[in-house]
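Worksheet: one structure, shown below.
These numbers come from the heavy atoms of this one structure, side chains and all, not from hydrogens, waters or symmetry mates. Here is how names work: the chains are called A, B, and so on, in the same order as the sequence lines, proteins then strands, and each is numbered from 1.
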Protein chains: 2
Amino acid sequence: MMVSTKGRYALTVMVDLARQEGDGFVSLADIADRENLSMKYLESIISILNKGGMLQSLRGKNGGYKLARKPEEYNISEILLLTEGTLAPVNCIMQDGVQCEKAATCSTLPLWAGLDKVIENYLSDITLEDIIIGNRKKMLGDYCGTCGSEN
Amino acid sequence: MMVSTKGRYALTVMVDLARQEGDGFVSLADIADRENLSMKYLESIISILNKGGMLQSLRGKNGGYKLARKPEEYNISEILLLTEGTLAPVNCIMQDGVQCEKAATCSTLPLWAGLDKVIENYLSDITLEDIIIGNRKKMLGDYCGTCGSEN
DNA sequence: TGCAAATCCTACCACCGAGGTAGGATTAAG
DNA sequence: CTTAATCCTACCTCGGTGGTAGGATTTGCA
C-alpha cells in the first residue's frame, strides 16, 4: 500500500473543505462528523496540512479551518507528499535523487524510476477541483501524459 | 512504499534467471551470491515464484531453477502481483473490484481507481526482456498508454 | 468576567507486516 | 552413500500504522 489512511484522510479533509469554500472557517468536529472519521485522529492529520501551509486556521470559539488557496490551485501530489512524506513506490527511490549505492549498475532501477514518474505525473495533474466536479475523464480516462487528451 | 523487498527481490531473481537463460538449471546459491542477497530469504521468495508457475525447478544435486517461459513473455505486473499479493496504491481498492461500502458515494474513489489503472498499465507493458536490454525509452520515456510511442 | 467552543500540543499504546533467521526433511546425481 | 540442492515449518525483532488520552491555550459571546 503506497498511500496510508493518513494521506487518504488528508485528501478527504481537503475535499470536504473545498466543498465548504466561502462558508468561512469550518470546525474539525463538523468535518469529522460529515466524513464519519475519528476527530482525534483527524486532528493530527489536519495539523500537518496546516503547518504545511495548505490551510488557514482560527483558534477559539467559531474557529476552524479553511483552504489557503482555491481548490483548482491544489494538486493531489502535493497534498499526499506532505502527509505521506514520500510517494516513491520502492524505498530505493528517493524524492531528492537516487541514493542506493548500487544505482549505477542496477538494471531494475529504470523501471522503478519510471513507475515513480508515472505516479507523480498522474497525481500532479489532478486538482481538488477535479475531484469535486467529478472529472472522471481525467481520473479514469486513458491517461496520456504528453499527447493532447481528446478521449 | 508500494513494493516491498519481497517484490523487488523477486524481480531481481527473475532478471537474473533471464540473463542465465539457456544455461539449464541455476542454483539459488549462485543467484544469491551474484545478487548479494540472503539465500535464506530468497528461498521463501523463489518458492512463491515457483508455486505460481513462473519457474521450473529441479531438486537434488545439480538442481536449481529456470524460467518457465521466455523473458519477453513475462510482464512485470504479474511478477509483482504474485509476490506482493496486490499492487493497489490504497486499501480501498481491491483487484477483484472495489469493496468499500462507501464506494457508491465516495468522491475520491475515481482518483484511486485511476491511479491503480495507471500503475497497472505501466507495469503490464514492460517485460523481463525490456529490463535486460535496458529499454529506457519504455521505462523512463514519456509514458503514454494509448497513443503510438514515437518519442 | 466567565463559560463554552474551538485549535494546539505531547504522550502513549496495540497490533501487524516487513524482513529476515534457523533447522531440518526430502530428493537426486555421481 | 555422500553431497548438493530444493522444500517446508517455525520463529523472531523492529518500526510504522492507526489510532487514543488528556490537557493547555485561544477566542467569541452573554
Side-chain angles (χ1 to χ4, degrees), chain A residues 1-13 17 20 23-33 35-66 68 80 83-92, chain B residues 1-13 17 20 23-33 35-66 68 80 83-92:
Chain A
M1 220 65 48
M2 203 179 68
V3 179
S4 65
T5 58
K6 198 194 276 186
R8 265 187 20 247
Y9 292 176
L11 182 57
T12 299
V13 165
L17 283 173
Q20 320 297 322
D23 294 3
F25 289 91
V26 178
S27 82
L28 188 53
D30 284 356
I31 299 174
D33 195 52
E35 307 296 340
N36 199 31
L37 296 171
S38 154
M39 179 178 155
K40 271 299 188 184
Y41 186 34
L42 241 42
E43 222 181 270
S44 62
I45 293 169
I46 209 166
S47 163
I48 301 172
L49 292 169
N50 193 26
K51 285 179 184 165
M54 297 275 175
L55 304 176
Q56 285 180 15
S57 70
L58 183 66
R59 300 183 68 171
K61 197 166 182 179
N62 296 333
Y65 303 91
K66 65 177 182 183
L80 295 179
T83 46
E84 293 287 327
T86 176
L87 292 178
V90 288
N91 68 6
C92 56
Chain B
M1 222 62 49
M2 203 178 67
V3 179
S4 65
T5 57
K6 199 195 275 187
R8 273 199 359 260
Y9 292 177
L11 182 57
T12 298
V13 165
L17 283 173
Q20 319 298 321
D23 295 1
F25 289 92
V26 178
S27 81
L28 188 54
D30 284 355
I31 300 174
D33 194 53
E35 306 296 341
N36 199 31
L37 296 171
S38 153
M39 177 177 157
K40 273 298 187 183
Y41 187 33
L42 241 42
E43 221 181 272
S44 62
I45 293 169
I46 209 166
S47 162
I48 301 172
L49 292 169
N50 193 27
K51 285 179 184 166
M54 297 274 174
L55 304 175
Q56 285 180 13
S57 70
L58 183 66
R59 300 184 67 171
K61 196 164 182 180
N62 296 332
Y65 302 91
K66 66 177 180 181
L80 295 179
T83 46
E84 293 286 327
T86 175
L87 292 177
V90 288
N91 69 5
C92 56

Does [X] have a side-chain nitrogen or oxygen under 4.0 Å from the phosphate oxygens OP1 or OP2 of [N]?
X: B:Ser4; N: C:dG17; result: no
X: A:Asn62; N: D:dT27; result: no
X: B:Ser57; N: D:dC7; result: yes

Sugar-phosphate only, base, or nothing, as touched by A:Tyr65 at under 4.0 Å among non-hydrogen atoms: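 Sugar-phosphate only.
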Rounded to whole angstrom units, what separation is found between the [atom1] atom of [X] and the [atom2] atom of [N]?
X: B:Lys61; N: D:dC1; atom1: NZ; atom2: C1'; value: 11 Å
X: B:Leu58; N: D:dA4; atom1: CG; atom2: C1'; value: 12 Å
X: B:Lys6; N: C:dG17; atom1: NZ; atom2: C1'; value: 9 Å
X: B:Phe25; N: D:dT6; atom1: CZ; atom2: P; value: 11 Å
X: B:Ile31; N: D:dT6; atom1: CD1; atom2: P; value: 8 Å
X: B:Met2; N: C:dA18; atom1: CE; atom2: P; value: 13 Å

Any donor-acceptor N/O pair under 3.5 Å between D:dT25 base and A:Arg59 side chain: yes
Members of residues 37-55 of chain B that approach DNA chain C, where some heavy atom sits under 4.0 Å away: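 Contacts with DNA chain C under 4.0 Å: B:Ser38, B:Lys40, B:Tyr41.
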Contact check, side chains of [X] and [Y], non-hydrogen atoms, under 4.5 Å:
X: B:Tyr65; Y: B:Leu28; result: yes
X: B:Leu17; Y: B:Leu55; result: yes
X: B:Val13; Y: B:Leu42; result: yes
X: A:Asn91; Y: B:Arg8; result: yes

A:Thr12 OG1 to A:Asn36 CG distance, which is reported to the nearest 0.5 Å: 11.5 Å
From B:Ile48 atom CD1 to B:Glu84 atom CD, the distance as rounded to the nearest 0.5 Å: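 Rounded to the nearest 0.5 Å, the CD1-CD separation comes to 9.0 Å.
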Taking every non-hydrogen atom, the tightest pair across A:Phe25 and A:Gln56: CE2-O, 3.7 Å
